[in-house]
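Report on the following structure.
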Amino acid sequence: ILGLVHTALKRYPQAENYFDSASKRYEKLQLNSSNTSIIKNKGKLYLQKKSYRKANKTFGEAYKSAAKYQMEAAKAEILLYNSQALGGLKQSKRAIEECKKAIAIGETNSFDFVVSEGYRTMSQIYESNKDFKKAFENLTLHNKFRDSIYNITKQRLSAEETAKVNF
């Protein structure tokens with residue numbers, strides 16, 4: 001958690017130290033499947049720093065771990081973030097392939113965040129390639145999905161508030 005906090009505060013060396021320290025402790029305690037999250041978050045740190053090669057390598061390690069322990073949500077997120085790293089490396093074709101895989105896993109397992117962010121990421125990749133038609137199509141899908149998530153959340157919160165008042 002401290003690694004994520006320092007990443008958000010752009011204190012990258014401290015964040016990296018916390019991720020490395022946590023990873024060593026998890027390995028020592030043989031919590032290998034849990035270590036996947038730490039590796040993924042370290043990749044997100046590199047992504048935020050625009051260290052795309054390091055991010056790509058780190059996401060590769062995280063994906064292997066997630067696949068080994070059959071962690072579908074982690075696999076989908078890792079593919080999504082790696083597509084962003086590949087986009088930064090100007091490897092658009094691979095970035096789009098990774099993003100499509102993430103969206104497919106997200107749709108199969110109802111990982112709404114991954115699907116929505118997948119469309120947004122694809123829109124950005126297409127836009128950087130000046131394929132504005134596909135960029136617009138994917139942005140439209142992202143907006144529709146985001147609005148759907150918002151409406152579901154709003155309904156759920158409304159139902160919870162109604163239940164509290166009735167109680």
Side-chain angles (χ1 to χ4, degrees), residues 1-129 135 138-139 141-142 145-146 149-150 152-153:
I1 292 172
L2 286 172
L4 292 172
V5 169
H6 283 286
T7 299
L9 295 173
K10 298 184 186 244
R11 297 179 185 158
Y12 302 127
Q14 295 93 328
E16 194 166 359
N17 287 337
Y18 278 110
F19 289 136
D20 290 341
S21 176
S23 187
K24 287 177 188 171
R25 288 186 184 175
Y26 274 52
E27 286 174 13
K28 186 176 181 180
L29 295 171
Q30 297 179 348
L31 298 171
N32 298 322
S33 64
S34 299
N35 199 23
T36 302
S37 179
I38 294 168
I39 300 168
K40 175 188 72 176
N41 288 330
K42 191 173 180 182
K44 287 170 63 176
L45 161 74
Y46 292 137
L47 188 62
Q48 188 169 323
K49 286 175 54 176
K50 298 185 185 334
S51 298
Y52 300 120
R53 288 198 196 295
K54 281 185 176 181
N56 177 249
K57 181 180 178 191
T58 305
F59 289 133
E61 293 171 25
Y63 186 84
K64 286 178 189 174
S65 179
K68 180 178 180 180
Y69 297 105
Q70 300 174 348
M71 302 167 71
E72 293 302 304
K75 282 172 40 179
E77 279 188 53
I78 292 163
L79 287 166
L80 174 64
Y81 294 128
N82 194 45
S83 70
Q84 294 170 9
L86 290 166
L89 291 169
K90 307 295 183 207
Q91 297 181 21
S92 300
K93 186 176 179 182
R94 279 189 59 212
I96 290 169
E97 288 171 7
E98 295 269 297
C99 206
K100 285 181 178 179
K101 288 179 192 175
I103 291 170
I105 293 171
E107 288 175 339
T108 301
N109 295 286
S110 299
F111 301 145
D112 298 338
F113 166 79
V114 173
V115 176
S116 178
E117 287 303 303
Y119 287 128
R120 185 185 61 76
T121 299
M122 289 214 330
S123 174
Q124 291 171 336
I125 295 166
Y126 283 123
E127 182 180 2
S128 71
N129 289 335
N138 281 279
L139 186 59
L141 289 169
H142 163 69
F145 216 87
R146 186 192 62 209
I149 293 168
Y150 171 76
I152 291 168
T153 303

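Values below: all heavy atoms of this structure, side chains included; hydrogens, waters and symmetry mates excluded. FYI, the numbering just counts along the sequence from 1. Computed from a prediction, not measured in an experiment: that's the story for all the values here.
- Sequence neighbours left out, the pairs with a member in residues 57-66 that pass side chain to side chain donor-acceptor pair (under 3.5 Å) are T36-S65.
- Partners of Y46 by side chain to side chain donor-acceptor pair (under 3.5 Å), not counting sequence neighbours, listed by chain and number: E16.
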Please table the atom pairs, donor to acceptor, closer than 3.5 Å between any side-chain atom in residues 83-95 and protein atoms at least two apart or in another chain.
{"residue": "S83", "atom": "OG", "partner": "L80", "partner atom": "O", "Å": "2.5"}
{"residue": "Q84", "atom": "NE2", "partner": "T121", "partner atom": "OG1", "Å": "3.1"}
{"residue": "Q91", "atom": "OE1", "partner": "R94", "partner atom": "NH1", "Å": "2.9"}
{"residue": "S92", "atom": "OG", "partner": "N129", "partner atom": "OD1", "Å": "3.1"}
{"residue": "S92", "atom": "OG", "partner": "N129", "partner atom": "ND2", "Å": "3.1"}

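- Closest heavy-atom contact between C99 and G118: SG-O, 3.1 Å.
- Contacts of N41 classified as side chain to side chain donor-acceptor pair (under 3.5 Å), with partners at least two apart in sequence or in another chain: none.
- For E72, the salt bridge (charged side-chain N to carboxylate O under 4.0 Å, His left out) partners at least two apart in sequence or on another chain are K75.
- Evaluation of the salt bridge (charged side-chain N to carboxylate O under 4.0 Å, His left out) rule for K40 yields E77 as partners, not counting sequence neighbours.
- Side-chain atoms of N109 come within 3.5 Å of backbone N or O of I105 as a donor-acceptor pair.
- Atoms CD1 and CG, on I103 and N138 in that order, are 6.5 Å from each other to the nearest 0.5 Å.
- Annotation: ring pair (Phe, Tyr, Trp, His ring centres under 6.0 Å) contacts of Y18 (sequence neighbours excluded): H6.
- Nearest heavy-atom pair, F59 versus K44, reported as atom, atom and distance to 0.1 Å: CZ-N, 3.5 Å.
- Atom OH of Y26 has 12 or fewer heavy atoms from other residues, nucleotides or ligands within 6.0 Å.
- The number of heavy atoms from other shown groups lying within 6.0 Å of CD1 (I1) does not exceed 12.
- A distance-only check finds a donor-acceptor pair linking the side chain of T108 to the backbone of A104 [under 3.5 Å].
- For T7, there are no side chain to side chain donor-acceptor pair (under 3.5 Å) partners two or more places apart in sequence or in a different chain.
- A distance of 11.5 Å separates CG in N17 from CG in L2, rounded to the nearest 0.5 Å.
- Within the structure, every pair that satisfies the salt bridge (charged side-chain N to carboxylate O under 4.0 Å, His left out) test and touches residues 113-124, not counting sequence neighbours, is listed here: E117-R120.
- Y52 has its side chain within reach of L47: a pair of non-hydrogen atoms, C-beta onward, lies under 4.5 Å apart.
- Distance OG/S21 to CZ/F19: 11.5 Å, rounded to 0.5 Å.
- At a threshold of 4.5 Å between non-hydrogen side-chain atoms, the residues K54 and K42 do not count as touching.
- For A135 against S123, the heavy-atom pair with the smallest separation is O-OG, 2.8 Å.
- For the atom pair CG (D112) and OG (S110), the distance works out to 6.5 Å, reported to the nearest 0.5 Å.
- Partners of A22 according to the side chain to side chain contact (heavy atoms under 4.5 Å, CB included) rule, which considers only residues two or more places apart in sequence or in another chain, are I38.
- Considering only residues two or more places apart in sequence or on other chains, Y69 meets the side chain to side chain donor-acceptor pair (under 3.5 Å) condition with none of them.
- Atom CD of residue Q14 and atom CG of residue L9 lie 9.5 Å apart, to the nearest 0.5 angstrom.
- Minimum interatomic distance between G3 and A15 (heavy atoms only, all atoms of both residues): O-CB, 3.3 Å.
- The CG atom of N56 lies 8.0 Å from the CD atom of E98; values are rounded to the nearest 0.5 Å.
- Sequence neighbours left out, not one pair with a member in residues 25-39 passes salt bridge (charged side-chain N to carboxylate O under 4.0 Å, His left out).
- Nearest heavy-atom pair, A76 versus F111, reported as atom, atom and distance to 0.1 Å: CB-CD1, 4.2 Å.
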